[in-house]
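Some notes on the structure that comes next.
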Amino acid sequence: MPPSAPWPADRRGAMDMTSRGPELSHPAAAGVQWRLRMAAAERGVWTGTQLRLLLAERTGLELSTASVSALFTKQPSQVKLSTLAALCTALDCAPGDLLVLGPAAPAPAPGPALGGLSDGRPSPGSSRVAGRRSLPPL
């Protein structure tokens with residue numbers, strides 16, 4: 001075993017050392033999609049500041065601005081169950097609304113209810129929610 005290896009050679013494949021630190025290289029981890037931003041937008045919460053205030057008001061959880069920003073804009077490598085429960089309570093949703101397993105579901109085909117054009121392209125402004133802001137990018 002080389003002196004630079006912090007664990008036995010037979011265990012090196014179980015972990016991936018990156019500049020961000022060790023991460024489990026588990027195949028299921030790649031299939032998890034974090035949808036906090038989309039779930040929040042569907043409920044009228046558009047900014048991290050709004051989410052932070054909602055968490056404090058509805059659950060008593062006071063996260064730092066940086067923590068809420070990171071949860072809102074990036075896919076976390078881990079989330080405490082208590083934080084997940086607080087997010088669900090604040091947004092009145094279930095964990096399945098925030099975490100989706102497997103590949104992303106294909107977008108539904110535009111239809112008359114969505115205001116799509118006859119050639120299948122969405123009409124201008126059809127990505128807006130109830131005449132308000134458009135949803136954030138995936």
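Please read all numbers here as calculations on a predicted model, not as lab measurements.
For the side chain to side chain contact (heavy atoms under 4.5 Å, CB included) test with Leu36, the passing option among Val45, Leu87, Thr73 is Leu87; the others fail.
Here the shortest heavy-atom pairing between Arg52 and Ser64 reads NE-C, 3.8 Å. Considering all non-hydrogen atoms of both residues, Cys88 and Ala94 come closest at SG-C, 3.6 Å. When all heavy atoms are compared, the tightest approach of Trp46 to Phe72 is O-CE2, 3.6 Å. Residues Arg43 and Cys93 approach most closely at NH2-CB, 3.3 Å, considering heavy atoms. Contact between Ala39 and Leu98 at its shortest, heavy atoms only, is CB-CD2, 3.7 Å. The two residues Gly48 and Val68 have their closest heavy-atom pair at O-CG1, 3.3 Å.
A donor-acceptor pair under 3.5 Å is absent between the side-chain atoms of Ser69 and the main chain of Thr65, judged by distance alone. Side-chain N or O atoms of Gln33 include none that pairs as donor or acceptor with a backbone N or O of Gln75 at under 3.5 Å.
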Going through the distances and angles, do Leu63 and Leu55 end up as a side chain to side chain contact (heavy atoms under 4.5 Å, CB included)?
CA-CA 8 Å; Leu63 294 175; Leu55 281 167; 3.9 Å; yes

Could you walk me through whether Glu42 and Arg35 satisfy the salt bridge (charged side-chain N to carboxylate O under 4.0 Å, His left out) test, starting with their C-alpha distance in whole Å, then the side-chain angles of each, then the deciding distance to 0.1 Å, before giving a yes or no?
CA-CA 11 Å; Glu42 289 169 352; Arg35 296 190 69 250; 3.6 Å; yes

Go through Leu51 and Leu53 one step at a time and tell me if the side chain to side chain contact (heavy atoms under 4.5 Å, CB included) criterion holds.
CA-CA 5 Å; Leu51 180 60; Leu53 292 173; over 6 Å; no

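Going from atom OG1 of Thr47 over to atom CD of Gln50 covers 3.5 Å, rounded to the nearest 0.5 Å. Distance CZ/Arg58 to CG/Asp92: 7.0 Å, rounded to 0.5 Å. Separation of atoms OG1 (Thr49) and CG (Leu54) is listed at 12.0 Å; rounding is to 0.5 Å.
For the pair Leu71 and Trp34, the minimum side-chain heavy-atom distance is below 4.5 Å. Side-chain atoms of Asp97 and Met38, non-hydrogen and from C-beta on, never get closer than 4.5 Å to each other.
There is a path of hydrophobic side-chain contacts, each under 4.5 Å, that joins Val79 to Leu91.
For Glu62, the CD atom is loosely surrounded, since the number of other residues' heavy atoms within 6.0 Å does not exceed 12.
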